[in-house]
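Each chain gets a letter, A, B and so on, in the order its sequence line appears, and its residues count up from 1. Computation of the quantities below employed the complete heavy-atom set of this structure, encompassing side-chain atoms and omitting hydrogens, waters and symmetry-equivalent molecules.
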Amino acid sequence: MKRGNLQVGISAIKGFNDLLPFESGLWQFIEQTARKVFSRYGFQEIRVPVVEKTELFCRSIGDTTDIVEKEMYTFADKGGNSLTLRPEGTAGVVRAFIEHKLYALDSLTKLCYMGPMFRHERPQKGRYRQFHQIGVEAIGSTDPMVDAQVLHLVSRLFQELGLTEPSLQINSLGCPVCRPTYRRALVNFLSGCQDALCADCRRRQATNPLRVLDCKVPGCILATQGAPTISDYLCPDCDTHFSGVQGYLNAADVPYSLNSRMVRGLDYYTRTTFELVTGLLGAQSAVAAGGRYDGLVEQLGGPSVPGIGFALGVERVALLLGDRSFEQVPDLFVAVMGDSARKTGFRIMSGLQDAGLRVEADAEAKSLKSQLRRADKLKARYSIVIGETEIETNKVTLKRMADGEQELVSLEAVELAAKITGGSML
RNA sequence: GUGGCCAUGGUGAAGCGGUUAACACUUACGACUGUGACUCGUACAUACGAGGGUUCGAUCCCCUCUGGCCACCCCA
């Protein structure tokens, strides 16, 4: 089947990928590690729809963000409602939190989720139109300890994934009280050095001035060297909160660095924001990111409840983890010769599978050689050959594939299982 | 949405305006008719992304389209 030739076959759409058998083990490792770590912190899984009313995302993410303006998969359903494929996870989780009044159950709700997100962007390394996020949301408290707990969790999760390279960077974006002041100061500063800025940044100056601090153009980095820093403009509450977070991080030896130029793309972020950044993924440096969203729940029609969360990009983590192999090899391969042996072999195989062993056989009646060749290819730990002799004597040779050592054992599932799992062979 | 690079079999890849599209791997079968790995043999692209053009002739030249990769914007 050739791609791009509709007459020959249909291919997946741009930016939508298949996860093939030889890579799914890696994803399962990521997901299992996340579940394991999350449960230690008391986060429970929530599963929300992949499609929501468009309005939910407009109101949460922000009408003027790139995500809402040009990246959403939006369509009308048959009833004329405007729906969209979720571009991120927090909005839907918060919607469910409000809709089911989870705030009435506990003062702090800790949720986690994993699943596909959709953004109509041009695909590139580490960026796809359907991508997957694993995230958590802790809703109900402004206490800096909650921030620190989420950050500790993130840091721990990456450790357990075996990734030490991505480094944790944190910042505080302030709140609706102090951010406007800072923004004004920044705009003021930028208008003084307009000529030194790139075209994009001159545009950003009006649309999203904080973004200028994040520009990669050397001229802009130089020009904004003396720009006002958000930390100098935090109101007393935000300042106390941010130093509180750092105090907890220090107390628990969570490694991090301050990045006062870090900006987040979604409108709902307040105060603590953070990213796990890496230099190994080309332009996609953020492997995980998140922050506090103290006004979001109320903004979406819920009670005035603060929250904080983060999400990691599964594809990006998978890229960092690389070619690590997670293949599952069979414990035993059953080769057979002759029709009656096929039945016996099937009986043995089934019995061992019932006992919890991974057992393979060749589905087709092939030569013994090709059956064993398959055993080798599958990297089976042991193999047996069942023929007339074995059936007559009720004994079979159990062969350890790694070194060819053999032992005669009785042709019964229980005995074979004991030999294989016990590892007591020879 | 914008830009750069690219497009040969299941995979990695050579190749030249003109009838064998190299090599390697993978896969299948066999040499070993009751024992895998090593070795050896055989088989596997009417076909070089699609469409059009130039030419006596194009996989190799030109155009369009489609697709891929990477980057910008933005983001996990």
Side-chain angles (χ1 to χ4, degrees), chain A residues 1-9 11-15 17 61 64-71 87-90 114-135 154 166 198-201 203-204 207-208 211 214-217 263-266 274-278 281-291 309-320 333 335-338 341 362 364 366-390 396-404 406:
Chain A
M1 189 183 294
K2 290 180 171 56
R3 286 206 131 192
N5 183 346
L6 292 177
Q7 290 178 320
V8 179
S11 57
I13 53 186
K14 186 200 284 280
N17 301 120
I61 299 168
T64 59
T65 57
D66 273 32
I67 293 179
V68 170
E69 277 186 346
K70 52 184 205 191
E71 296 174 1
E88 58 99 41
T90 302
M114 48 184 70
M117 309 294 163
F118 305 85
R119 290 182 202 171
H120 193 107
E121 302 178 89
R122 194 76 156 257
Q124 67 187 75
K125 189 182 187 69
R127 163 188 293 171
Y128 311 97
R129 290 187 173 177
Q130 175 179 331
F131 61 104
H132 297 75
Q133 290 190 334
I134 296 177
V154 172
C198 69
D200 278 330
C201 282
R203 176 179 53 76
R204 282 191 271 238
T207 58
N208 191 351
R211 192 99 250 156
D214 209 29
C215 186
K216 292 163 196 137
V217 177
V263 187
R264 305 270 58 240
L266 285 58
F274 56 94
E275 282 184 0
L276 248 82
V277 298
T278 175
L281 290 182
Q284 266 55 246
S285 57
V287 183
F310 91 95
L312 64 81
V314 180
E315 283 83 357
R316 292 181 183 179
V317 170
L319 281 171
L320 288 178
F333 187 95
V336 299
M337 307 195 64
D362 206 316
E364 289 167 54
K366 290 183 182 159
S367 69
L368 182 62
K369 171 158 198 103
S370 88
Q371 291 183 62
L372 285 169
R373 217 175 241 171
R374 181 172 167 75
D376 190 64
K377 193 183 99 183
L378 296 174
K379 299 194 175 81
R381 294 169 54 222
Y382 292 90
S383 69
I384 56 172
V385 176
I386 302 175
E388 286 180 18
T389 321
E390 285 75 17
V396 70
T397 301
L398 179 65
K399 175 173 182 173
R400 185 160 58 198
M401 299 297 275
D403 55 14
Q406 305 192 7

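- Here, B/A22 and B/A14 have their P atoms 15 Å apart, quoted to the whole Å.
- Straight-line distance between the P atoms of B/A7 and B/A50: roughly 14 Å, to the nearest whole Å.
- Comparing the P positions of B/C69 and B/U11 gives a spacing of 15 Å, expressed to the nearest Å.
- Across B/G53 and B/A58, the matching P atoms stand 11 Å from one another, rounded to whole Å.
- Across all strands shown, B/C40 is found opposite B/G30 as a Watson-Crick or G-U wobble partner, with both distances under 3.5 Å.
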Find every protein N or O atom lying less than 3.5 Å from an N or O atom of nucleotides 41-44 of chain B, and list the pairs.
none

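- Of all nucleotides present, only B/U11 satisfies the Watson-Crick or G-U wobble test against B/A24, with each distance under 3.5 Å.
- Rounded to whole Å, the separation between the P atoms of B/U66 and B/C29 comes to 43 Å.
- B/C38 and B/A45 have their P atoms separated by 25 Å, given to the nearest Å.
- Residues passing the salt bridge (charged side-chain N to carboxylate O under 4.0 Å, His left out) test with A/K125: none are found, sequence neighbours excluded.
- Nucleotides B/U59 and B/C16, compared at atom C1', are 9 Å apart to the nearest Å.
- In this entry B/C5 has B/G68 as its Watson-Crick or G-U wobble partner, both defining distances falling under 3.5 Å.
- Taking A/D214 as the reference, A/R211 meet the side-chain hydrogen bond (donor to acceptor under 3.5 Å, both in side chains) condition, with sequence neighbours excluded.
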